[in-house]
Amino acid sequence: MQIKYSDDLNSNIYTDGLAIRKEVFVDEQSVPENMEVDEYEDRCTYVTIYEDDKAIATARYFPTDDDGVHIQRVAVIKSSRKKGIASLLIEDIIEHTKKENYKYAILGAQDQAQGFYKKLGFKVIGDQYLDAGILHHDMKLDY
C-alpha cells in the first residue's frame with residue numbers, strides 16, 4: 001500500500017482522489033456534484049492511498065488561520081471499507097501535519113461517522129448542522 005500527497009490539481013493523486021470522491025459522495029450519497037468540487041480545490045493538499053496501483057481512499061486538507069489543518073472529503077471505495085484503510089489515512093495525515101508543525105486537525109464529520117473519529121482521538125465541538133443534506137458535527141484533535 002502506498003500513501004501519496006500532492007497539491008497539484010494536474011496530478012494523478014488529485015484526479016484519482018476526485019474519482020473516489022465522485023463515486024462515494026455524488027453517486028452513493030447523492031451530494032450534488034457542484035457542491036463536491038468547490039472553491040477550496042486549489043488550496044488543498046490531496047492524499048490518496050493506492051493498493052496494487054489502484055486508488056482506494058482519499059482525503060484533502062488545508063491550513064486554518066490559527067496553525068491547524070481542516071481535513072475534508074475522506075472517502076474509501078466500497079470494496080475497501082471495513083479494513084482499517086480510513087484509519088490509516090487519517091493517522092498518516094495527522095503524522096504528516098504534525099511534522100509540518102500544525103497544532104491540531106479539525107473536520108466536519110457526518111454524524112454516522114462520529115464513532116470512527118472518536119476512536120482516533122477527535123472530540124465533538126459545536127452544534128449539529130446540515131451539509132449537503134447530511135447531519136454533521138465539527139470534531140477536533142489537538143496535537
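C44 SG to H70 NE2: the interatomic distance, rounded to the nearest 0.5 Å, is 9.0 Å. Interatomic distance, CD of E51 versus CG of D53, reported as 10.5 Å (0.5 Å rounding). The distance from atom CD1 of I3 to atom CD of E91, rounded to the nearest 0.5 Å, is 9.5 Å. Within the model, atoms OH of Y50 and CE of M1 stand 13.5 Å from one another, a figure rounded to the nearest 0.5 Å. Residue K98 holds its NZ atom at 12.0 Å from NZ of K103, rounded to the nearest 0.5 Å. For the atom pair Q114 CD and K119 NZ, the distance stands at 13.0 Å (nearest 0.5 Å).
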Worked verdict on L18 versus V37 for side-chain contact (heavy atoms from CB on, under 4.5 Å): CA-CA 8 Å; L18 187 59; V37 177; 3.7 Å; yes

Stepwise side-chain contact (heavy atoms from CB on, under 4.5 Å) check, L107 with Y117: CA-CA 9 Å; L107 50 81; Y117 289 110; 3.5 Å; yes

From CA spacing to verdict: side-chain contact (heavy atoms from CB on, under 4.5 Å), T45, S6: CA-CA 6 Å; T45 298; S6 179; over 6 Å; no

Stepwise side-chain contact (heavy atoms from CB on, under 4.5 Å) check, K123 with L141: CA-CA 6 Å; K123 294 181 176 27; L141 173 68; over 6 Å; no

Worked check of side-chain hydrogen bond (donor to acceptor under 3.5 Å, both in side chains) between D66 and T64: CA-CA 5 Å; D66 59 350; T64 65; 2.8 Å; yes

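Checking side-chain atoms of T58 against main-chain N and O of V47 turns up a donor-acceptor pair under 3.5 Å. Counting only distance, with no hydrogens or angles, the side chain of K83 and the backbone of S79 share a donor-acceptor pair below 3.5 Å. R21 places a side-chain N or O within 3.5 Å of a backbone atom of E36 that can act as its donor or acceptor partner.
Residue F62 belongs to a hydrophobic cluster whose other members are Y40, with links defined by side-chain heavy atoms closer than 4.5 Å.
Grouping the Ile, Leu, Val, Met, Phe, Trp and Tyr side chains by contacts below 4.5 angstrom, directly or via other members, places V69 apart from I125. When hydrophobic clusters are built by joining Ile, Leu, Val, Met, Phe, Trp and Tyr residues whose side-chain heavy atoms come closer than 4.5 Å, directly or via intermediates, I13 is not grouped with I56.
Side-chain atoms of D92 and Y5 include a donor-acceptor pair closer than 3.5 Å.
Shortest non-hydrogen contact noted between I85 and S80 is CG1-O, 3.5 Å. Nearest heavy-atom pair, A109 versus M139, reported as atom, atom and distance to 0.1 Å: CB-SD, 3.6 Å. Smallest separation of non-hydrogen atoms from I93 and I71: CG2-CD1, 3.9 Å. Minimum interatomic distance between A59 and V74 (heavy atoms only, all atoms of both residues): CB-CG2, 3.9 Å. Here the closest non-hydrogen pair linking T48 and A55 is CG2-CB, 3.8 Å.
The pair K22-E33 meets the salt-bridge criterion, since a charged nitrogen lies less than 4.0 angstrom from a carboxylate oxygen. Between R73 and D38 there is a salt bridge, with a side-chain nitrogen of the basic residue lying less than 4.0 Å from a carboxylate oxygen of the acidic one.
Under a cutoff of 6.0 Å and an axis angle of 45°, K140 and F122 do not form a cation-pi pair.
Judged as a ring-ring contact (aromatic ring centres under 6.0 Å, His included), and not counting sequence neighbours, the contacts of Y46 are Y14. For the side chain to side chain donor-acceptor pair (under 3.5 Å) test, no residue two or more places apart in sequence or in another chain qualifies with E95. Annotation: side chain to side chain contact (heavy atoms under 4.5 Å, CB included) contacts of A86 (sequence neighbours excluded): V76, F116.
The side chain to side chain donor-acceptor pair (under 3.5 Å) test with T97 is passed by exactly one of Y61, Y143, Y102: Y143.
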Return a table of donor-acceptor pairs under 3.5 angstrom between the side chains of residues 23-31 and protein atoms on other chains or two or more places apart.
unit_1: E28; atom_1: OE1; unit_2: R81; atom_2: NH1; d: 3.1
unit_1: E28; atom_1: OE1; unit_2: R81; atom_2: NH2; d: 2.8
unit_1: E28; atom_1: OE2; unit_2: R81; atom_2: NH2; d: 3.2
unit_1: Q29; atom_1: OE1; unit_2: Q110; atom_2: NE2; d: 2.9

Please output the side-chain donor-acceptor pairs of residues 128-135 that fall under 3.5 Å, not counting sequence neighbours, one pair per line with the distance.
unit_1: Q128; atom_1: NE2; unit_2: D111; atom_2: OD2; d: 2.4
unit_1: Y129; atom_1: OH; unit_2: D138; atom_2: OD1; d: 2.7

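Heavy atoms from other residues, nucleotides or ligands lying under 6.0 Å from NZ of K54 number 12 at most.
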